[in-house]
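Before any comments, here is the structure.
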Amino acid sequence: GAVVSQHPSRVICKSGTSVKIECRSLDFQATTMFWYRQFPKQSLMLMATSNEGSKATYEQGVEKDKFLINHASLTLSTLTVTSAHPEDSSFYICSARGESYEQYFGPGTRLTVT
Amino acid sequence: GNSVTQMEGPVTLSEEAFLTINCTYTATGYPSLFWYVQYPGEGLQLLLKATKADDKGSNKGFEATYRKETTSFHLEKGSVQVSDSAVYFCALILYTGRRALTFGSGTRLQVQP
């Protein structure tokens with residue numbers, strides 16, 4: 001099946017700094033990528049949807065100035081958590097969708113803000 | 001709006017026991033239904049899916065039937081193995097609008113030898 005990678009898998013940063021997470025579709029072109037946040041023992045909450053070459057669509061309650069999403073190519077989307085705070089600590093998961101409408105998920109990035 | 005409700009876990013079973021994880025949904029249209037599995041330290045993987053009423057999705061001994069009358073998509077397996085220990089997510093998608101998955105809260109399955 002299709003493979004989606006995320007980098008880094010784990011990151012620890014200090015409060016007030018910014019962190020960038022990359023999501024890549026390795027063997028297919030992803031017209032749409034999704035970013036989710038997963039809290040411990042809870043479900044995945046959709047944060048935003050991004051289409052290649054256009055602005056991301058954010059879900060209600062997600063701060064677009066805090067969670068910057070860029071989908072510059074058909075194989076790469078990035079999520080930048082700006083001015084991170086401890087409450088931003090979470091597991092961030094991306095998924096990518098090609099022409100088949102099936103979504104393929106990355107392995108996730110665990111962010112810890114100290 | 002759309003939502004998915006799953007039974008709370010953890011579900012703890014002995015090897016070779018029968019598994020049922022309940023899932024019900026509400027949707028504003030006619031959704032496709034999915035079960036995803038997340039093994040420890042890994043990303044979500046599609047386990048099975050069904051796209052219309054009375055369809056049965058199956059994979060690796062797991063199966064689920066799309067029941068429109070009860071808005072349910074319960075996951076079953078006749079004989080679980082230790083390697084099935086994971087978190088299972090029920091999800092739906094509507095092929096209108098942004099076509100994003102809506103997930104249930106996940107059910108952790110622990111299979112003991």
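All values derive from a computational prediction rather than experimental measurement. Basis for what follows: all heavy atoms, side chains included, without hydrogens, waters or symmetry-related copies.
In A/K66, the NZ atom is crowded: over 12 heavy atoms of neighbouring residues, nucleotides or ligands sit closer than 6.0 Å. Shown here is A/M45, whose CE atom has no more than 12 heavy atoms of other residues, nucleotides or ligands within 6.0 Å.
The hydrophobic clustering, which links ILVMFWY residues whose side-chain heavy atoms are closer than 4.5 Å, places B/L92 and B/M7 together. Neither A/L68 nor A/I21 shares a network with the other; the hydrophobic side chains, linked directly or stepwise wherever heavy atoms of I, L, V, M, F, W or Y lie under 4.5 Å apart, form separate groups for each. A/Y104 and B/L47 end up in different hydrophobic clusters when Ile, Leu, Val, Met, Phe, Trp and Tyr side chains are linked at under 4.5 Å. Criterion: ILVMFWY side-chain heavy atoms under 4.5 Å apart, direct or through other members. Under it, A/L111 and A/I93 are not part of a common hydrophobic cluster. A single hydrophobic cluster is not seen to contain both A/L46 and B/V4; linkage of ILVMFWY side chains at heavy-atom distances under 4.5 Å, directly or through other members, places them apart.
Heavy-atom neighbours of chain B within the stretch residues 77-85 of chain A, taken at a separation under 4.5 angstrom, are nonexistent. At a heavy-atom cut-off of under 4.5 Å, chain A is reached by B/Y36, B/Q38 from residues 15-38 of chain B, listed in order of number. Contacts from residues 103-113 of chain B to chain A, taken as heavy-atom pairs separated by less than 4.5 Å, involve B/F103, B/G104, B/S105 in sequence order. By a heavy-atom distance cut of under 4.5 Å, B/K49 are the residues of residues 49-83 of chain B near chain A, going up by number.
In terms of heavy-atom proximity, A/F34 sits nearest to B/A100 at CE2-CB, 3.7 Å. The two residues B/L101 and A/F105 make their nearest non-hydrogen contact at CD1-CZ, 3.8 Å.
Both the backbone and the side chain of B/L44 come within less than 4.5 Å of a heavy atom in chain A. Of the atoms belonging to A/Q6, not a single heavy atom falls under 4.5 Å from chain B.
Between the CD1 atom in B/I93 and the CD atom in A/E102 there is a gap of 10.0 Å [rounded to 0.5 Å].
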